[in-house]
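Okay, so here's the structure we're looking at.
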Amino acid sequence: MDCKVIKQLELRTKSKQISLGVLESGHVCLLYFGDRLAEKTELSYVIRDIQRASYLSDTDGERDFRLEQLPIWYPAFGNPDLREPAFQIEYENGSRISDFRFYKANYRNQKSKIPGLPSTFSEKAVTTLEIILKDALTENRLHFFLSAFEEYDMFTQSIQIVNDSRETIKMTKATSLSLDLLDDRFEMLTLVGAWGREMQLRRTRLQQGFQGVDSKRGASGHGQNPFIALVRPETDDYQGEVIAANLVYSGNFIAEAIVDMHQNTRLQMGLHSFDFQWDLAPKESFYTPEIVFTHTNQGVNKMTQLFQHFYLDCLINPNFTKKARPVLLNNWEATYFNFNRQKLLALGREATKLGIELFVLDDGWFGERNSIETSIGDWQPNEKKLGSNLQLLIQEFLDIGLDFGLWIEPEMVSPKSQLFTEHPEWIIQVENRKPQLSRTQYVLDLSQPAVQDFIIQTIKKILSENRIRYLKWDMNRNITDSGSTYLVGHQKELGHRYILGLYRILSEITTAFPDVLIESCAGGGGRFDPGMLAYTPQIWISDDTDAVQRLSIQQGAALIYPNVCIGCHVSAVPNHQVGRMTSLHTRGVVAFQGNLGYELDLTTLEETEKQQIAQQIEHYKRNRQLLQFGKYSRVNTFDENATAWMKEDEQHLWVSYVSVLAKPNTVPKRLKLPLLVPEQRYMDEQGNDYSGTELMTIGLPIPQVKEDFIATEWRLSKSN
Ligand code: DGJ
């Protein structure tokens, strides 16, 4: 029988394993993905025991061989599986049918980079299984690079498609992962939202058909993050099965869970096939973006810890893996465009008194930029507004005792700018159509090497002429009028080529200036993804700085992304986005969840407020290692009005609790903590001593609500 497993390929981490079966027919199937099994566990029965269903096509003339029922590793369309394909190639004769079969496989104790794309890496043990499939008719090959990160219990995959035929082929779909699971008893976790309310955790039951998230905006987007997880209905933060995937990519993507007619689930993720076509000439290769995926039976918190740990060690710029991040003041909400030298220095002087370490000059420092109407692209400092050249201004900040950071939005151009006057052909546009504006700006066509070179040179010049420690890389609109005057005859390559251009630019800049901390931003969290994280170890998560809104936004981002990578600022009240009043204490507790900054006019604060901020900063700095890099868990409050989380390192445990609506006549409750070592002793700052078991089963006392917003923190020291 052709569907007999003749070879088992295995990839293991310290506690997980993926087992693939090569069938006699040459098709490759997923036999198992889960907890590590005993060595040499034979799993061919997984395929053998699948019963034949009706009305499905036979394979290779075998009546009992129904490919459509099998867990295929990278399914093709129509040959003869008729479910959603993982890829599609169109040939010169109009055929869209491919038939890739096993050719060979090898193991390596290393992982290679992906040409032109960001990818994970590790100093520690990594095994890569390369599986090569070949289509006998066309000679084309698929190379799967499936890597297992031993210590991290994480897997990655990227696929190389090699055109070994004599014709140019058109790739119309190329996902990075397709996982066939043999049941549908799952719920789907995704991160959805919009500008100002990014990363809202959504949990929905799977149903027959399609469900998922995507972006067609030219960026990963505020609306749907390139993340998907399948969990069992009984799974919660503390226990249960989770299968999760995250795409290392910043452009159009799709992540879907597709339940077929026989209650199997196909989980797929990768480049969006919408408006995508890539022409591959003979001998050329195409690489899919890398996907990161994992499995746990220990609940959603465990998934969070696996991703956070992995991204810190194996994705972000190694210079920042353990480096304490500075407490900053950003002038955006303090001044918007309305500033001059005196104002900036006045803010700087207050900042340094309060313990702030870095001043970030946001939008408005260049060209004629005093509103969103003009000057993007003209990156010459406005010396009139700054009162001197940029070097002298920076020197004044250094003299005050502050490092200096600068905002830039390099991917854009204003119609009212010298750059646009000189290079109208550099924008994304469609011939004979007037391009649409958004935030009064156009998007530069990053598929053009000349545009890439301009941006690289511009930023290199700014960074080499000025002592800039930090760059805020903004991107404030999505791509409309998807068209390129450069990609003649290849218009559907624009989306991906834009992102490849962006990665080339970021790669050149981070190679030349590896110690400059880059915070990326896209009107807040419009491009918060692992592709950007690979170059920018910090991302501004939302333009909504309201402490209450930030609770779900930040908890959502921290579902997979490290807390230290999430920009969290204390801003003014009434809050500029929602008008809400919150106490300075609450704003501080919430901002301590990630990377602390301030974004308000310090010169207008009362003395008592300044004292409070100084104390906050001092407190944060004293616990910076724990707060920025501690192991993070969500704590279930069993109360929809309250959010809690904790961070832990070898010596301390930090617990934060924020209740957002006061209710009268309540009695104080206790907050039970998850996943502690039962026999470990923990002492709070009042000298109360608890065991891990007590904290997990009895919990910490939550103070009674006395004001509208109550935030509490506990810092517990570990002892034996
Ligand atoms: C959008 C960003 O998210 C803000 O923080 C600020 O930098 C503005 N752009 C400036 O135009």
Side-chain angles (χ1 to χ4, degrees), residues 193-199 217 219-223 250 328-339 343-344 347 358-379 381-382 385 404-417 437-444 459 462 468 470-478 517-529 532 536 538-547 549-550 553-554 557 565-572 575-578 587 591 594-601:
W195 175 89
R197 50 183 165 83
E198 298 87 340
M199 301 276 194
R217 320 183 68 81
S220 45
H222 296 90
S250 312
L328 63 82
L329 174 71
N330 179 305
N331 75 308
W332 180 242
E333 285 198 17
T335 64
Y336 297 102
F337 293 107
N338 186 18
F339 58 82
K343 183 70 194 179
L344 296 178
L347 285 169
L358 170 82
F359 181 82
V360 181
L361 177 54
D362 210 283
D363 197 353
W365 57 268
F366 52 92
E368 300 290 317
R369 181 88 166 166
N370 288 310
S371 74
I372 59 165
E373 300 298 320
T374 167
S375 296
I376 299 269
D378 297 345
W379 300 111
N382 180 342
K385 192 168 176 183
F404 192 82
L406 194 66
W407 178 97
I408 191 162
E409 193 178 2
E411 299 160 64
M412 303 287 153
V413 64
S414 307
K416 267 197 224 156
S417 67
L437 284 166
S438 177
R439 213 188 190 226
T440 338
Q441 59 200 43
Y442 296 130
V443 186
L444 288 173
I459 297 180
I462 294 174
I468 289 172
Y470 165 108
L471 198 66
K472 179 173 172 188
W473 183 298
D474 208 347
M475 193 282 283
N476 279 304
R477 64 159 289 184
N478 290 138
L517 175 57
I518 307 184
E519 176 175 79
S520 68
C521 168
R527 209 166 50 183
F528 202 124
D529 57 63
M532 291 309 289
T536 71
Q538 226 163 277
I539 304 186
W540 178 231
I541 178 58
S542 183
D543 278 349
D544 187 343
T545 55
D546 168 56
Q549 289 277 296
R550 277 287 183 138
I553 296 172
Q554 292 170 192
C565 301
I566 305 171
C568 300
H569 295 179
V570 170
S571 62
N575 174 266
H576 292 194
Q577 292 76 39
V578 298
R587 281 174 272 156
N595 201 336
L596 179 67
Y598 289 79
E599 189 160 336
L600 71 175
D601 189 348

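Every number for a ligand or one of its atoms is a count from 1 in the order of the listing. As the structure is a computational prediction, the values presented were derived from the model and not from experiment. Positions are given from 1, in the same order as the sequence printed here.
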Which word best sums up how the rings of His569 and Trp540 line up, parallel for under 30°, tilted for 30 to 60°, or perpendicular for over 60°?
tilted

Would you find a donor on one side and an acceptor on the other, under 3.5 Å apart, between the side chain of Arg550 and the backbone of Ser542?
yes

Using a 4.0 angstrom limit on heavy atoms, which residues are close to ligand 1?
Trp332, Asp362, Asp363, Trp407, Arg439, Lys472, Asp474, Asn476, Cys521, Gly523, Gly524, Trp540, Asp543

Between Glu333 and Thr545, is there a side-chain donor-acceptor contact under 3.5 Å, judged purely by atom types and distance?
yes

Before you tell me yes or no, could you show the steps for Gln538 and Asn595 under side chain to side chain donor-acceptor pair (under 3.5 Å), namely the whole-Å CA-CA distance, both residues' side-chain angles and the distance that decides it to 0.1 Å?
CA-CA 8 Å; Gln538 226 163 277; Asn595 201 336; 2.8 Å; yes

Establish, from distance only, whether the side-chain atoms of Glu368 and Thr374 form a donor-acceptor pair under 3.5 Å.
no

The side chain to side chain donor-acceptor pair (under 3.5 Å) partners of Thr335 (sequence neighbours excluded) come to Asn331

